[in-house]
Amino acid sequence: MIRLKNVEKTYNGHITALSGINLQVEKGEFVFLVGPSGAGKSTLIKLLYREEVPTKGEVSVLGEDLGRMRRSQIPFFRRRIGVVFQDFKLLEDRTVYENVAFALRVTNCPAREIQKRVMNALHIVNLRDRRDAYPQELSGGEQQRVAIARALVRKPEILLADEPTGNLDPSTSMEIFRLLERANLYGTTVVVATHARAFVDAMKKRVVELRDGRIVRDVRRGSYSE
Amino acid sequence: MFHAFAEAWKGLRRNGLSSFLSLLTTFIALSLLGATFLVEANLRYMFKTVEQGMDVQAFLKKGISPTEIGEILAAVKEIPGVSDVTYVSPEDGLKELREMFQDMASVLDGLETNNPLPPKIEVKTTGVEEIVSVASSLRGIPGVEDVIYQKEAQKKLEAIGRVLQIAGLAGVISMGVVSVLVIGNSIRLTIIARRHEVAIMKLVGATDGFITAPFFFEGLLLGFFGAVAASGMLIGVYYWLSGWLAATLPYLPVLPLDGPLTTDILTILVITGLAVGGFGSALSLRKYLT
Ligand SMILES: Nc1ncnc2c1ncn2[C@@H]1O[C@H](COP(=O)(O)OP(=O)(O)OP(=O)(O)O)[C@@H](O)[C@H]1O
Ligand SMILES: [Mg+2]
């Protein structure tokens, strides 16, 4: 599903964000990426949805060699993964419904299908009643749930999340992690970069720890730190 | 498709000032193009009218007899390049003059009894190129005193036409380049304003085509509106100007608006407008989105 071989990533030729990364994630896994600030978690996530390309080594996701992928293929690749960020990345001038529907509109999905699937996704994140609200009218947790609905509405094979609870309080964070876990139960492979120690410890998932751009720990049913 | 148009419209409204400036430059460029076209079309029309008018006139000996006139007409018809020939008697010539000088016809009073005009024949040629050879053949016919034709006037008109054409073309091209740049800038501003949105679109897997279509349509719309405004303005001004010309210079041949002129001008301006708009936005899209 996800395979990185001897991956190195440097920015501007001299800032080394990742080096010597070897990582394999199988279908249906749930992986936490942890590590101090600047360790390279976001960079690793970006490599996985082809926002960045590796400087050296090989990144293969869903059977695609991302370093060699043609520009024109990137949109079609991205439709197979969902991505969630700390800052939600919602379209401010569109309603909750439209934000979620947007992910389907870019794919030429038929209109009747869109309606059904969007309502279903909003149901999963429990926001059906707020479908006509605009992002500014929602709390941070609700906005993140919209982003998750948008990521899930296309039934992605992989869900990537970069500090999805970075701006949220603990009880709201709890809801978000529950949703990620639920998506994982339905078969989606989930990779989450996070600093949320308590949740990592409580959820007992695979933990990959980065430090200065290298993997220093990779354990099943692990915790935030040793 | 509808989505792209709706987005394009939003983009236009978001950058009101820059859209307005693009519209204005496109409008000026297209007006210039249209004006050049109108002047050109009228000059061409004028040449044609002149060409079709009295191509060559031959003045005959005074007091020439009807049989001699008959012989001359027969001889003229044999000249290659002649399409038509008519005899104008001194009396007919005087009538023509009276019509031409309606207001000042009194100066012609009294000429009936002592008509100074020589009899003449008006010869039409099959084309401008034939005028000179026909004129020299006419000179060789006995009974023909003098031959005149409008070669000089013709040449002058053509020279003026050429200068106007070059000046018009230079103006049109420079304004065209300016409009492409200004429209490009307008699209650039929209792209910057929507950078965040574009990033999200890319994130959810929108293709380049899907992302760029609204921006491209925005450029097309600017070109289209500029073309419609310019056509409207030109047709209005032309209507007023041709009316004024018809009243003050009734002998100047002016192309009428009804007929192909209106559709021609609309077609030319709209096509050019769309091309300029599409090209301008394509430039910015290439530079800022890919
Ligand atoms: N676009 C960029 N240009 C230059 N350097 C970058 C860029 N993005 C990241 N870096 C550098 O790469 C290193 C890893 O950054 P990254 O964002 O991956 O860390 P992180 O683990 O996500 O940190 P945090 O927990 O604070 O989000 C850092 O030294 C950072 O300064
Ligand atoms: Mg980060």
Side-chain angles (χ1 to χ4, degrees), chain A residues 45-46 48-52 61-62 64 69-85 87-94 98-109 111 114 118 121 135 143 146-162, chain B residues 1-20 184 186-222 278-279 281-290:
Chain A
I45 298 266
K46 282 178 187 162
L48 298 182
Y49 67 93
R50 184 45 180 83
E51 176 71 21
E52 298 285 354
V61 178
L62 295 170
E64 307 272 358
M69 179 174 273
R70 290 211 314 275
R71 243 192 74 84
S72 57
Q73 288 307 309
I74 297 173
F76 303 98
F77 165 73
R78 292 217 176 131
R79 292 174 192 181
R80 299 171 64 192
I81 30 189
V83 199
V84 175
F85 298 92
D87 60 356
F88 322 131
K89 297 203 193 297
L90 300 176
L91 297 166
E92 298 298 327
D93 60 348
R94 288 175 213 227
E98 275 307 320
N99 265 284
V100 178
F102 190 67
L104 293 175
R105 294 204 198 284
V106 304
T107 67
N108 302 324
C109 183
I114 291 181
V118 171
Q143 289 188 51
V146 177
I148 291 175
R150 181 180 66 191
L152 294 180
V153 75
R154 284 191 310 216
K155 304 188 167 58
E157 292 160 77
I158 298 177
L159 181 61
L160 304 174
D162 192 354
Chain B
M1 202 66 171
F2 171 76
H3 161 86
F5 261 114
E7 289 302 312
W9 182 247
K10 266 197 227 160
L12 282 180
R13 305 202 19 180
R14 192 163 0 214
N15 303 309
L17 182 64
S18 135
S19 300
F20 176 74
S186 192
I187 303 305
R188 184 182 68 94
L189 290 181
T190 311
I191 292 174
I192 290 171
R194 296 184 52 196
R195 200 166 256 175
H196 178 66
E197 240 175 299
V198 168
I200 293 174
M201 285 174 152
K202 285 188 174 170
L203 205 61
V204 297
T207 55
D208 284 347
F210 186 92
I211 295 172
T212 54
F215 298 107
F216 190 66
F217 279 131
E218 191 176 325
L220 287 185
L221 279 180
L222 282 174
F279 190 58
S281 41
L283 276 184
S284 274
L285 288 173
R286 266 187 71 117
K287 215 162 150 194
Y288 299 103
L289 266 191
T290 52

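Naming: A, B, ... by sequence-line order, numbering from 1 per chain. Atoms considered below: every heavy atom in the structure, side chains included; atoms not considered: hydrogens, waters and symmetry mates.
- Residues A:Leu91 and B:Arg194 form no side-chain contact, since every pair of their non-hydrogen atoms from C-beta on lies 4.5 Å or further apart.
- For A:Arg78, the salt bridge (Lys or Arg N to Asp or Glu O under 4.0 Å) criterion is met by A:Glu51, not counting sequence neighbours.
- A:Arg150 touches chain B through its side chain: at least one heavy atom from C-beta onward sits under 4.5 Å away, while N, CA, C and O do not.
- Annotation: B:Phe210, atom CZ; neighbour count of heavy atoms from other residues, nucleotides and ligands within 6.0 Å is above 12.
- Paired with B:Glu197 under the rule side chain to side chain contact (heavy atoms under 4.5 Å, CB included), one option of A:Lys89, A:Arg94, A:Glu92 passes, and it is A:Arg94.
- Options A:Asn108, A:Asp93, A:Leu90, A:Thr107 differ in how many heavy-atom pairs under 4.5 Å they form with chain B, and the most are formed by A:Leu90.
- Within the 4.5 angstrom heavy-atom criterion, only side-chain atoms of A:Phe85, from C-beta onward, approach chain B.
- For A:Arg154, the salt bridge (Lys or Arg N to Asp or Glu O under 4.0 Å) criterion is met by no residue, not counting sequence neighbours.
- When all heavy atoms are compared, the tightest approach of A:Val106 to B:Ala206 is CG1-CB, 3.7 Å.
- Taking CE of B:Met201 as the reference point, atom CZ of A:Arg105 lies at 11.5 Å (rounded to 0.5 Å).
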